[in-house]
Every structure is written in structure tokens, then in C-alpha cells.
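In what follows, every heavy atom counts, from backbone to side chain, and hydrogens, waters and symmetry copies are set aside. Predicted model only: the values in this text are computed from it and were never measured.
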Amino acid sequence: MQRKIFDADHDSFRKTVRAFIEEEVVPVYDEWYSAGIVPREFYYKLAELGIFGIEVPEQYGGAGIESFTFETILIEETARAGVSLGGSTVHVSLCLPYLKKLATDEQKQRWLPGFVTGDTMFAIAMTEPGTGSDLAGMRTTAKLSADGTHYILNGAKTFITGGVHADRVIVCARTAAPKPDDRRHGISLLVVDTASPGYSVGRKLDKLGLKVSDTAELTFTDVRVPVEDLLGEENKGFSYLGQNLPQERLSIAIGAYAQAKAAIGFATEYTKQRNVFGQPVAGFQNTKFELAACRAEIDAAEAVVDRALEALDAGELSPADAASAKLFCTEVAARVIDRCLQLHGGYGFINEYPIARLYADNRVNRIYGGTSEVMKTIIAKDMGL
């Protein structure tokens, strides 16, 4: 079935992105994988391609396109090639919506031109050791100075994708104690300069998958953050996080769908080339049935993704809709990728093969952005349960 959400401009963009990945990423990806990080200078190449500025308003150097479909194409093409672009996805998919919606004109003038050029890479720091999905339980504090000119930031964050290379980090911190009847009160968003004294990047975490993403621990010891770098209103940070979670969760759903589709491509190619008992593995009925079943699941996931994308661009994607899309697509991807790895036999367990890396990379989709269990809770609540 032909997808209805893309037009000729999207097709041209897809061709450009595909050629870029094949020329600039695939030949060096094994080096990135071994190093466990994407080189900082590579982000300038993404910027030159225009990736960072697609949804940035024109007055700040961007293209001013109000649609997530182009970012979707980038997600799909990286999965198709079996590669990752590190923290750059967080830079665009997670951080930009906060800057566009909450930043003042003065803040946008300071931050967005560098955002577009790659001179200022952004990350976002929500999760803390011991809190997980319970963001209201965060203990990082930002106390306003006596003269009201700056905050003093203290605390720690973990699982911060893009944390090693980031130049600015949107840090969620408590600027006030929670209210007895509202644990979410008192959280604010601060755009912290990573060159500030007291800001420290801890160890780069050794993960099961997503090996080239610079996921780090961050610590803040009496970091001075000017009040001019408060994003949005003080103490309203939790509501801002909730407003942007639907897009974040949809981006994870898109990534999961794209990974599963890529897995089918890898498995199809492998089984056609691999001979067992005198014939290609693809010639066995079991292989055909397995791949056909995977194809049917992907067709369903694609429909869910495209419908959700249309709703997002129309401003109609609800938290429950996004949770449903994330839950469905990540669970489908888990099943499909596992079956496709099985078709590779023993070679599917070797990291030299894209399917093995894909299997490891995919696992986190059911954890970050809210676990599958949290998604079910959100959906159930929307059902009145």
C-alpha cells in the first residue's frame, strides 16, 4: 500500500538522506561502534545537510517547516541502513519542541542559530538515579540566589543521551518543594551551559544497545545558572514535560517500526543468500511463513504510525494516542526483530551482522520515554478504568 503522508518533497529528501548515510555514515560506522560514540564533528555535516533546521523558524536560520514527517524520514533511513546518528536525534526530536514553545524571543535569538548550525548541541536531563519514570520524585534542586540573578543547581542525572557532546542541557530541577496535594509542583526547566563551573560529565554508560549514543551521567555542584536561562515559567516544568511527551513517544514508535521493517529487509536478503541442505533458506516454507507474518505486523504498525503522524501535525495527538502507538509499535518490533534474528541462525548472534545490533538497540524502546507498563496505565486511564 502506498503511504499517503509523504509527497514529492519528502521523496526527494529521502533520496538525499539515503545517499548521505551511505556515503558519510556506513563506511565509518564500525569505527563509531567500536568507539561507542559519534564524533562531534559529524554533527556539523548533519547541520550542513539542513537536518537541524527543518523545523526551526526562518528568522533563526531554519526552514520553518511545521511537520514531523521529515524527521520521520531520517529515523526510517537510519534504521534501514542499520546505523544510528547518536545524540543528534535527541537534539532535534526532544529538545527543539521545548525551545520553540517555551523560549522567549531573546532566548531563541541566543540559542536557535547555533542549534541549526550544530555549534550548540542540546540534550535534556530528566531521569535521576533511583527515580526512573517517577519524575515527580526528582531531587535535583535549583535555588534562587538572594539577589535573584541566578539559580544554584545541585544534583545528578543519569541515562542522558547526548550528554557527552552537549553544549546546552535542558535540566529538570526543583525550584520549590512539592505541595501536599501536588507532588508535581515545583519543577522548573533550566537551559544549562555545560561549560559552567561545577557541571560535570561522569562516565559514559556501557549499554546493551545503542552503542554509538553518548549516554552519560551528569552531576551539578553549585552550578550558577542565570535567571535568563529559565525556560518557561518557574515551577511549571512538569506540565511542560507532559505537553511534549506525546511527540517523544511517537518518535520512539516510529523508530521501533522502522527498525522492524529494516529487520525484515536484513532477514530477507540473508535467507536468499544463505544455502542450507542444497537450497536457499528463503526457499523453505517456514521461512516464507515467518517473513510473511512479520510483514503483516509491520503493515499494521505502519498504519498506526502514519495515523499518529497526521494527528501530531494537526495538533490532535493526545497522550493516550501516543501511548497506544508507542506500546503497539514497540511490542510489534520486539516480536518481528526476534523472529528475523532467528532466521539468521547462529550468525544472528554475531555483532558483525546488522540484525544483532538491531536486536540490542531495539530493546530499550519498551523502557525509555515511559515503559510499556506506564503506557498501559495511561491508556487504561483514558478508557475510564
Side-chain angles (χ1 to χ4, degrees), residues 36-37 40 86-99 102 111 120-144 150-178 183-208 210 213-226 229-232 234-242 244-245 248-249 251-252 364 367-371 374:
I37 197 168
R40 176 64 174 84
S88 63
T89 301
V90 167
H91 179 70
V92 176
S93 297
L94 270 65
C95 297
L96 183 57
Y98 289 98
L99 300 178
L102 302 175
W111 296 330
T120 307
M121 294 300 296
F122 280 76
I124 185 166
M126 299 187 226
T127 306
E128 297 184 3
T131 61
S133 297
D134 182 21
L135 293 179
M138 70 177 61
R139 295 185 293 273
T140 295
T141 61
K143 296 182 179 180
L144 190 62
H150 61 275
Y151 294 92
I152 301 297
L153 181 67
N154 284 282
K157 298 289 182 178
T158 192
F159 305 143
I160 309 307
T161 300
V164 174
H165 284 324
D167 302 291
R168 287 271 181 173
V169 177
I170 302 172
V171 177
C172 308
R174 282 210 164 275
T175 46
R183 294 177 63 240
R184 301 173 178 180
H185 172 77
I187 293 172
S188 300
L189 307 183
L190 302 174
V191 182
V192 180
D193 185 345
T194 62
S196 302
Y199 180 99
S200 177
V201 178
R203 64 191 177 110
K204 183 169 66 69
L205 300 175
D206 184 14
K207 308 180 300 296
L208 171 68
L210 299 180
S213 291
D214 50 323
T215 306
E217 296 175 328
L218 307 178
T219 57
F220 319 108
T221 305
D222 294 333
V223 177
R224 293 168 62 100
V225 183
D229 290 347
L230 173 69
L231 190 61
E234 193 177 68
N235 300 329
K236 294 187 177 181
F238 197 96
S239 66
Y240 298 146
L241 297 175
N244 283 294
L245 276 173
E248 177 184 350
R249 287 166 176 163
S251 70
I252 296 171
V364 76
I367 298 174
Y368 67 2
T371 64
V374 170

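- With no hydrogens or angles considered, no side-chain donor-acceptor pair links Asp167 and Thr120 at under 3.5 Å.
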Self-check item: Worked verdict on Cys172 versus Lys157 for side-chain contact (heavy atoms from CB on, under 4.5 Å)
Solution: CA-CA 9 Å; Cys172 308; Lys157 298 289 182 178; 4.1 Å; yes
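- Considering every non-hydrogen atom in both Ala142 and Ala173, the closest pair reads CB-CB, 4.0 Å.
- Salt bridge annotation for Asp214-Arg40: absent, with no cationic side-chain nitrogen under 4.0 angstrom from a carboxylate oxygen.
- Considering all non-hydrogen atoms of both residues, Tyr199 and Val223 come closest at N-CG2, 3.5 Å.
- Residues Pro129 and Thr158 approach most closely at N-CG2, 3.7 Å, considering heavy atoms.
- Listed here is the closest heavy atom pair of Met138 and Arg174: O-NE, 3.6 Å.
- A distance of 8.0 Å separates CH2 of Trp111 from CD1 of Ile170, quoted to the nearest 0.5 Å.
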Exercise. Verify side-chain contact (heavy atoms from CB on, under 4.5 Å) between Ile37 and His165, making sure each step is shown before the conclusion.
Key: CA-CA 9 Å; Ile37 197 168; His165 284 324; 3.4 Å; yes
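- Minimum heavy-atom separation, Gly369 to Arg249: O-NE, 2.6 Å.
- Legend: residues meeting side chain to side chain donor-acceptor pair (under 3.5 Å) with Thr215, ordered by chain and number and at least two apart, are Lys207.
- Between atom CD1 of residue Ile187 and atom OG1 of residue Thr141 there is a gap of 12.5 Å, rounded to the nearest 0.5 Å.
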Practice problem: Check the pair Val171, Tyr151 against side-chain contact (heavy atoms from CB on, under 4.5 Å), reporting the backbone distance first and the verdict last. | Solution: CA-CA 12 Å; Val171 177; Tyr151 294 92; over 6 Å; no
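- For the side chain to side chain donor-acceptor pair (under 3.5 Å) test, residues two or more places apart in sequence or in another chain that qualify with Thr140 are Glu128.
- With contacts defined as side-chain heavy-atom distances shorter than 4.5 Å, the pair Thr221/Ser200 does not qualify.
- Put simply, the side chain of Val192 does not reach to within 4.5 Å of the side chain of Asp229, judged on heavy atoms.
- In this structure, NZ in Lys236 is found 15.5 Å from CZ in Arg184, a value given to the nearest 0.5 Å.
- Atom CZ of Phe238 is surrounded by more than 12 heavy atoms from other residues, nucleotides or ligands within 6.0 Å.
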Practice problem: List the steps, then state whether side-chain contact (heavy atoms from CB on, under 4.5 Å) holds for Asn244 with Tyr98. | Solution: CA-CA 7 Å; Asn244 283 294; Tyr98 289 98; 3.1 Å; yes
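- In this structure, the separation between CG on Leu189 and CE on Met126 is 8.5 Å, given to the nearest 0.5 Å.
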Quiz prompt | side-chain hydrogen bond (donor to acceptor under 3.5 Å, both in side chains) evaluation trace for Asn235 with Thr175 | solution = CA-CA 6 Å; Asn235 300 329; Thr175 46; 2.5 Å; yes
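- Rounding to the nearest 0.5 angstrom, the gap separating the CG atom in Leu96 from the CZ atom in Phe122 is 9.5 Å.
- Within 6.0 Å of atom NZ in Lys204, more than 12 heavy atoms from other residues, nucleotides or ligands are found, so the atom counts as buried in its surroundings.
- With sequence neighbours excluded, the residues that form a salt bridge (charged side-chain N to carboxylate O under 4.0 Å, His left out) with Glu217 are Arg203.
- Rounding to the nearest 0.5 Å gives a distance of 12.0 Å between OG of Ser93 and CD1 of Ile124.
- Counting all heavy atoms, side chain and backbone alike, Ile160 lies closest to Thr127 at CD1-O, 4.3 Å.
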